[in-house]
Amino acid sequence: MHELTPSQKGAVAEAAITAKVIQLGLTVLRPLCEGRRYDLVIDLEPQLLRIQCKLAQRLGGVLSVRLKTSRYTPNGYITTSYSAAEVDAIAAYSPELNRCFLIPISEVSGRRGIHLRLDPTRNNQNQGITWADDYALDVMIQRQRADERAHEGDVE
């Protein structure tokens, strides 16, 4: 993966995340044109989730997901992050683990990155740890659907 360009790495992440979502029996929608902050949309029937795809890098016992973007403009480089106005969640693919994760934007809006812990900490700390398993794609999709069903019950 080291010899791939950033665009190629993004394509790998998008393809893997798309495949995993389809394996869950869901529909994936893709924008027809560039210029939006999301890469794909997951149709949860009836809810739609705008997803920004990222490649996660394993660093020892954690997965690192970078959430900042940089682009060159006539005024120089601009560094930005993501907000709830642009995306609903960040999906991350780990090629080392061949696993996908889904992080609600409400938990990372404006942040430059997030670490998802795979292994226990050396000091056995549990409080305040962001465990990767809690953000597994299938777990988060189930949670999102359950939240949507609960919300529908409130409306009726």
Side-chain angles (χ1 to χ4, degrees), residues 1-31 36-44 47-72 77-150:
M1 292 296 267
H2 295 290
E3 57 279 345
L4 297 179
T5 67
S7 292
Q8 290 170 323
K9 289 177 182 179
V12 167
E14 275 187 54
I17 292 162
T18 297
K20 296 285 186 190
V21 171
I22 292 170
Q23 289 170 5
L24 293 174
L26 299 171
T27 300
V28 176
L29 311 171
R30 298 177 57 99
R36 306 308 285 177
R37 297 293 300 244
Y38 55 88
D39 296 314
L40 53 92
V41 175
I42 300 174
D43 186 350
L44 294 178
Q47 184 184 17
L48 299 175
L49 284 181
R50 299 167 298 165
I51 304 296
Q52 170 57 228
C53 298
K54 295 290 183 183
L55 196 68
Q57 181 181 10
R58 186 168 188 167
L59 303 172
V62 300
L63 289 176
S64 176
V65 182
R66 293 184 182 167
L67 300 174
K68 67 176 186 152
T69 61
S70 295
R71 68 181 189 280
Y72 187 73
Y77 280 98
I78 295 177
T79 302
T80 59
S81 56
Y82 299 97
S83 74
E86 301 164 317
V87 301
D88 299 311
I90 304 293
Y93 170 66
S94 167
E96 294 92 349
L97 302 175
N98 192 30
R99 290 183 62 197
C100 295
F101 303 88
L102 189 67
I103 307 148
I105 195 64
S106 60
E107 296 187 26
V108 293
S109 182
R111 290 177 55 178
R112 298 172 67 113
I114 185 172
H115 289 112
L116 302 176
R117 182 152 281 286
L118 298 165
D119 300 330
T121 61
R122 288 190 200 120
N123 65 0
N124 293 318
Q125 177 182 342
N126 281 319
Q127 191 173 12
I129 301 296
T130 307
W131 294 103
D133 285 343
D134 293 342
Y135 293 90
L137 180 69
D138 57 338
V139 169
M140 292 303 291
I141 292 288
Q142 289 172 0
R143 187 176 304 154
Q144 192 73 35
R145 290 180 124 178
D147 290 349
E148 183 65 24
R149 282 192 297 273

*Could you walk me through whether Leu24 and Leu137 pass the side-chain contact (heavy atoms from CB on, under 4.5 Å) test, one step at a time?*
CA-CA 9 Å; Leu24 293 174; Leu137 180 69; 4.2 Å; yes
*Please examine the side chains of Leu44 and Gln144, heavy atoms only from C-beta on, and report whether any two atoms are closer than 4.5 Å.*
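Counting from C-beta outward, Gln144 and Leu44 do come under 4.5 Å.
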Minimum heavy-atom distance between [X] and [Y], given as atom pair plus value:
| X | Y | value |
| --- | --- | --- |
| Thr130 | His115 | CB-O, 3.6 Å |
| Phe101 | Ser94 | CE1-CB, 4.4 Å |
| Ile22 | Val28 | CG1-CG2, 4.0 Å |
| Tyr135 | Leu116 | CD1-CD2, 4.1 Å |
| Ala132 | Leu118 | CB-CD2, 3.6 Å |
| Ser81 | Gly110 | OG-CA, 3.2 Å |

*With distance as the sole criterion, is a donor-acceptor pair present between the side chains of Tyr93 and Glu14 under 3.5 Å?*
no
Residues 49-60, side-chain donor-acceptor partners within the protein, below 3.5 Å, at least two apart:
residue : atom : partner : partner atom : Å
Arg50   : NE   : Asp88   : OD2          : 3.2
Arg50   : NH1  : Ala85   : O            : 3.1
Arg50   : NH1  : Glu86   : O            : 3.3
Arg50   : NH2  : Ala84   : O            : 3.0
Arg50   : NH2  : Asp88   : OD1          : 3.0
Gln52   : NE2  : Arg37   : O            : 2.3
Lys54   : NZ   : Tyr82   : OH           : 3.0
Arg58   : NE   : Gly60   : O            : 2.9

*List the steps and the verdict of side-chain contact (heavy atoms from CB on, under 4.5 Å) for Val41 and Arg36.*
CA-CA 11 Å; Val41 175; Arg36 306 308 285 177; over 6 Å; no
Quick one: [atom1] on [X] to [atom2] on [Y], what's the gap to the nearest 0.5 Å?
| X | Y | atom1 | atom2 | value |
| --- | --- | --- | --- | --- |
| Ser109 | Leu67 | OG | CG | 10.0 Å |
| Ile114 | Arg112 | CD1 | CZ | 15.0 Å |
| Thr18 | Leu40 | OG1 | CG | 4.5 Å |
| Leu102 | Ile42 | CG | CD1 | 6.0 Å |
| Asp138 | Lys20 | CG | NZ | 9.5 Å |

*Show your reasoning for whether side-chain contact (heavy atoms from CB on, under 4.5 Å) applies to Ile78 and Thr69.*
CA-CA 8 Å; Ile78 295 177; Thr69 61; over 6 Å; no
*Output, in order, the C-alpha distance, side-chain angles, deciding distance and verdict of side-chain contact (heavy atoms from CB on, under 4.5 Å) for Leu26 and Asp43.*
CA-CA 6 Å; Leu26 299 171; Asp43 186 350; over 6 Å; no
*Start with the C-alpha gap between Asp133 and Arg99, add the side-chain angles, then the distance that decides, and say whether salt bridge (charged side-chain N to carboxylate O under 4.0 Å, His left out) holds.*
CA-CA 10 Å; Asp133 285 343; Arg99 290 183 62 197; 3.1 Å; yes
*asked:* Is it the case that the side chain of Gln142 and the backbone of Val139 share a donor-acceptor pair, with hydrogens and angles ignored and the cut-off at 3.5 Å?
replied: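 No, Gln142 side chain to Val139 backbone: no donor-acceptor pair under 3.5 Å.
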*Whether Arg117 side chain and Asp119 backbone form a donor-acceptor pair below 3.5 Å*: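 Checking the backbone N and O of Asp119 against the side chain of Arg117, a donor-acceptor pair under 3.5 Å is found.
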